[in-house]
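Read the structure below first, then the notes.
Lettering of chains follows the sequences in order, A, B, ..., and the numbering in each one begins at 1.
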Amino acid sequence: MSRYDPASIEPKWQAAWEDAQTFKASREGDKPKYYVLEMFPYPSGRIHIGHVRNYTMGDVIARYKLATGHNVLHPMGFDAFGMPAENAAMASGGHPKDWTYNNIDTMVGQMKPLGFGLDWSRMFATCDVEYYGQQQALFLDFLEKGLVYRKNAMVNWDPVDMTVLANEQVIDGCGWRSGAPVERKELTQWFFKISDMSGELLDALDTLENWPAKVKTMQANWIGRSRGLQFAFSTIDAPDGFDRIEVYTTRPDTLMGASFVGISPDHPLAKQLEKDNAELAAFAAECRKMGTTEEEMEKAEKKGFDTGLRVRHPFDTAWELPVYVANFILMDYGTGAIFGCPGHDQRDHDFATKYGLPIVDTFMPVEGEHDIQAEPFVPAKTEKVRFTRLVAGAEIQTGEEAIDATIDFCEANGVGQGVTKFRLRDWGLSRQRYWGCPIPVVHCDTCGVVPEKKENLPIQLPYDEAGKPIDFSIPGNPLDRHPTWRDCACPSCGKPAQRETDTMDTFVDSSWYFARFTAPRAGTPTDMADADYWMNVDQYIGGIEHAILHLLYSRFFARGMIETGHLPQKCAEPFNALFTQGMVTHAIYKTTGADGRPVYHYPEEVELRDGKGFLKDGTEVTIVPSAKMSKSKNNVVDPMHIIATYGADTARWFVLSDSPPERDVEWTASGAEAASKHLARVFRIASEIAASDVAPTKEDDALLRETHKAIHDVTMGVESFGFNASIAKLYAFTNALHKSRAGTEAKTFAAKTLAQLMSPMTPHLSEELWQLLGGEGLIANAPWPVADEAMLVEDSVTLPIQVNGKRRGELTVPKDLPKYEVEKLVLAHEAVVKALDGGQPKKLIVVPGRIVNVVV
RNA sequence: GCCCGCGUGGUGGAAUGGUAGACACAGGAGACUUAAAAUCUCCAGACCGAAAGGUCGUACCGGUUCGAGUCCGGUCGCGGGUACCA
């Protein structure tokens, strides 16, 4: 008897699928369509175990849908622009383009042996000229529709390298290469007007029934709709043009507890005052040294600077408040100015305490008092409170009621107006980098900023500069310093002009690739007939780390593409169902380098002893447990040795077993061998059945029931993304088949069914078994088995008997035994008799088919 | 800081508010073998007990319920996101 030999069977069946074009997406026939998509990978160099997990999940769905009679689209591509390619070029020479395409070749070479049912003919990379050229066309259409505009925005600036830094490149406030303290700098940049769609993007979340609730919550919080009051404080002796300071507040009911006005360091008034106040200028400069991330702003110590300027309270002109410039106020949100109410806000309380400002309450608990000087009183807005300094509404009301009443009162008295604001900011897409899609606009001295003509697209990235491949050892954007690339004719007046040298954020690339897959070679961004057939994506699968940005940007882009005629109306929400798989995590091992910066070590370099890690030279490493696998942290696990040792089916089986798909898993390699043993066991069991000849026995029926139960359970698991549950059932079914003494016919049926149920997970082995057991054609094309409901029902059930919620015995009764009969049997049960000790039960709960509880 | 998750045996994990620990890994005992590998059978949360059986037990504290891993409130720890990592 032959042994399970994945090395020989896997290439054989991959060739068979290739010959039969099994996974080529086709619009033919009248089958329903199914589009399954996994978030495409960044070509970091090698696939890692997280990729294997992600694509195996998608492949299970794709193969299952094929077997249940669908036209399936299951494509693959690469999110190929981005910083790592430039970083690699800086670190070790070479060119981002060569680095990227080499990586793609390697990764495709690693993915193909895994036997994914992908339509490889549709593959593309976002750095392909064909792709980014179409993206430029989309940009021009968006521009024409007013979905893109220019404004100033802050970037991280490295004053030594004279270059813009990504947030990731700022470490403890310093540039990652130069080590110099980073500054904020203002640049004119392109923005997508995503904020125009805030309300729509928020409201439409409710229609996404098959999205995880947590993702919808995260997006809703991110968009952040709030209702508040916008009004102005009038200033006293302020510079010209600043007789009013507009503020926005979501808690107007605390207006009578105001103790100061705060403005952002980037507020026009702050900038004006700075001119004549060196101390303030120094404070503002200090604020601008802070990074641009929200996290840094929030975590930084709250600091303010008293401008000396004062404003009048809108309800009492004799009441004057000081104006502070404060480092925690964002110019981007609201009006860039607030009033502080220390009595009912922790941050304002800290601020007031620090600068000796008054702390006044506007409401107290309904019962009792709260020491407002010691800590702020911040109840939920839905809680009733007793107002001590009331603007409008009842004395005792909830915060919500008070807010509404105050807004109405203010509007009626001309103090301000109720407005709805969103936290969501416009999407800045300009990047001062080489390896991205060039923004197709031209700067002309005469005509200003002019869109490039569509017939001049694609605007290609230059490979060479001055006859040599671009040198990335020099900091800064190579497009900026390229001797000729910028030169062009103005599309409007024809005079010499210069190209924009900024490229697009790589999130743009990934915001429409799913649409491009429906017609990847089309001469326009999409082909409407293909998009109409294949869209939407029926099942999208990817990491939870993309819950907000990528998915929100894609939702915006889909709407923009409808507006510009590139997608049909039905695509506003392009992903019908979303599944967020957990990440594969692995410890990070780091030491500190001579320059004080962290040095990351590969798992292979680290020896673990007593929970501590050491390098070969004995240096102890710091272990950061369970972190997201990241190339820059060197904690990526390479699955290729598992594939080489045990084969693709083992790797696929292994990544699906044991862990629920949505949960993070800490990677350990110990289970791979066990998975391999199990597959070999299945092969052995099937081979024995194929070689046997046993007449029908009285155990045939039991095995048949087991088989139908397995069909039911495994199918349920696949349908609900419970792949680990499906696999547990497959283990149990394999054990049942192994132990069964049924005849050959029943066993053959069971084994063929087992092969089918396993086929989405272990497709090569399943094809082999199918052939061995006399199945017709490819198992990939065989119709998915259907469970016979009649075979699933049991005749009797075993009920656990609880006494006061603790299990004290069990009772086996016919399935349909009436409740009162069950009660009689329970009361006669030994354990119950003992517990009652002659008395009567206080209560008797019978949950039919599940449990019995006696309360004594 | 803020938003969103997660926390169950030695390990990965299972469990529509209804027998906690399915299925598997590692471990132990045995069979087969000259031996090993492979394979097969069985055991296995902790504690007490010879056993029958009992007590405890799902990060921690409290609540709702006949009944809580599951629902509610709070605490701690870990992870993701935080708008230029992708």
Side-chain angles (χ1 to χ4, degrees), chain A residues 39 41-42 44 79 81-84 87 153 155-156 164-170 189 194 212-215 217-222 224 292-300 302 328 332 346-347 423-433 505-507 509-510 543-550 552-553 580 582-583 585 625-628 630-632 657-660 662-666 668 670-671 673-675 677-678 680-681 684 722 724-725 727-732 735 738 798-810 841-845 847 850-855:
Chain A
M39 291 179 185
Y42 179 79
S44 56
D79 188 13
F81 275 135
M83 291 205 314
N87 294 343
V155 294
N156 299 304
V164 176
L165 298 177
N167 287 332
E168 192 193 47
Q169 296 173 318
V170 180
Q189 309 198 60
I194 189 171
K214 65 178 169 184
V215 174
T217 311
M218 280 191 258
Q219 292 217 355
N221 290 336
W222 184 259
T292 56
T293 69
E294 185 184 297
E295 184 190 2
E296 237 182 308
M297 303 280 271
E298 281 286 331
K299 274 181 155 171
K302 308 296 176 284
F328 57 86
D332 283 323
Q346 184 66 52
R347 189 175 58 188
R423 204 183 79 98
L424 180 64
R425 316 202 291 253
D426 276 334
W427 170 14
L429 69 118
S430 298
R431 297 290 181 272
Q432 295 70 40
R433 298 180 208 294
D505 177 10
T506 56
F507 273 122
D509 310 337
S510 55
I544 187 67
E545 67 270 28
H546 293 294
I548 297 175
L549 295 181
H550 162 63
L552 189 63
Y553 291 158
T580 51
M583 284 173 298
T585 60
S626 295
K628 174 171 104 163
S630 163
K631 196 167 186 285
S632 60
S657 62
D658 288 356
S659 298
E662 68 278 9
R663 201 184 295 184
D664 288 353
V665 285
E666 174 78 14
T668 56
S670 57
E673 189 174 342
K677 277 186 191 174
H678 176 72
R681 182 168 185 247
R684 202 162 50 241
N724 57 324
I727 284 187
K729 300 292 180 195
L730 287 166
Y731 269 110
N735 289 338
H738 176 67
T798 300
L799 298 174
I801 296 175
Q802 292 182 336
V803 176
N804 290 339
K806 287 193 187 277
R807 185 180 175 278
R808 285 291 182 265
E810 60 182 36
K842 207 165 156 190
K843 204 167 177 182
L844 184 57
I845 296 145
V847 184
R850 302 236 49 130
I851 201 162
V852 178
N853 193 8
V854 186
V855 185

Does [N] have its OP1 or OP2 closer than 4.0 Å to a side-chain nitrogen or oxygen of [X]?
X: A:Asn724; N: B:A22; result: no
X: A:Asn167; N: B:A83; result: yes
X: A:Ser657; N: B:A24; result: no
X: A:Arg663; N: B:A14; result: yes

Considering residues at least two apart in sequence or located in another chain, which fulfil the side-chain contact (heavy atoms from CB on, under 4.5 Å) criterion with [X]?
X: A:Thr217; value: A:Asn221
X: A:Thr580; value: A:Pro212, A:Lys214, A:Val215, A:Ile544, A:Leu578
X: A:Pro41; value: A:His51, A:Tyr55, A:Met76, A:Phe78, A:Met107
X: A:Asn853; value: A:Gln802, A:Ile845

Is [X] touching bases, backbone alone, or none of the nucleic acid, heavy atoms closer than 4.0 Å?
X: A:Phe507; result: base
X: A:Ser510; result: nothing
X: A:Glu296; result: nothing
X: A:Arg423; result: base
X: A:Gly428; result: sugar-phosphate
X: A:Ile801; result: nothing
X: A:Pro41; result: nothing
X: A:Lys806; result: sugar-phosphate
X: A:Gln189; result: base

Could you write out each protein N or O paired with an N or O of nucleotides 64-66 of chain B at a distance under 3.5 Å?
from  : atom 1 : to       : atom 2 : distance (Å)
B:C66 : O2'    : A:Asn853 : ND2    : 3.4
B:C66 : O2     : A:Asn853 : ND2    : 2.5

Mind checking the [atom1] distance from [N] to [M]? Whole angstroms is fine.
N: B:G21; M: B:U16; atom1: P; answer: 14 Å
N: B:G77; M: B:C60; atom1: P; answer: 15 Å
N: B:A29; M: B:A44; atom1: C1'; answer: 11 Å
N: B:C61; M: B:G53; atom1: C1'; answer: 32 Å
N: B:A24; M: B:C85; atom1: C1'; answer: 36 Å

Given the structure, check if the side chain of A:Gln169 and the base of B:C85 hold any donor-acceptor pair shorter than 3.5 Å. no
Can you list the residues that meet the salt bridge (Lys or Arg N to Asp or Glu O under 4.0 Å) rule with [X], with sequence neighbours excluded?
X: A:Lys677; answer: none
X: A:Arg423; answer: A:Glu294
X: A:Glu296; answer: none

Syn within 90° of 0, anti beyond: B:G9 is syn
Sub-3.5 Å pairs of nitrogen or oxygen atoms, protein against nucleotides 38-41 of chain B:
from  : atom 1 : to       : atom 2 : distance (Å)
B:U39 : O3'    : A:Arg684 : NH2    : 3.4
B:C40 : OP1    : A:Arg681 : NE     : 2.8

Under-3.5 Å N/O pairs linking protein and nucleotides 43-48 of chain B:
none

Intra- and inter-strand pairing of RNA chain B, written as dot-bracket with Watson-Crick and G-U pairs under 3.5 Å and | for the latter, reads (((((((..(((.....[....))).(((((.......))))).((((....))))..(((((..]....))))))))))))....
**Asked** If only atom types and distance count, is the side chain of A:Glu298 paired as donor or acceptor with the main-chain N or O of A:Glu295 below 3.5 Å?
**Response**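 No, A:Glu298 side chain to A:Glu295 backbone: no donor-acceptor pair under 3.5 Å.
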Enumerate all atom pairs, one protein N or O and one N or O from nucleotides 1-4 of chain B, separated by less than 3.5 Å.
from : atom 1 : to       : atom 2 : distance (Å)
B:G1 : O2'    : A:Glu298 : OE1    : 3.3
B:G1 : N2     : A:Glu294 : OE2    : 3.1
B:C3 : O3'    : A:Asn221 : ND2    : 2.8
B:C3 : O2'    : A:Asn221 : ND2    : 2.8

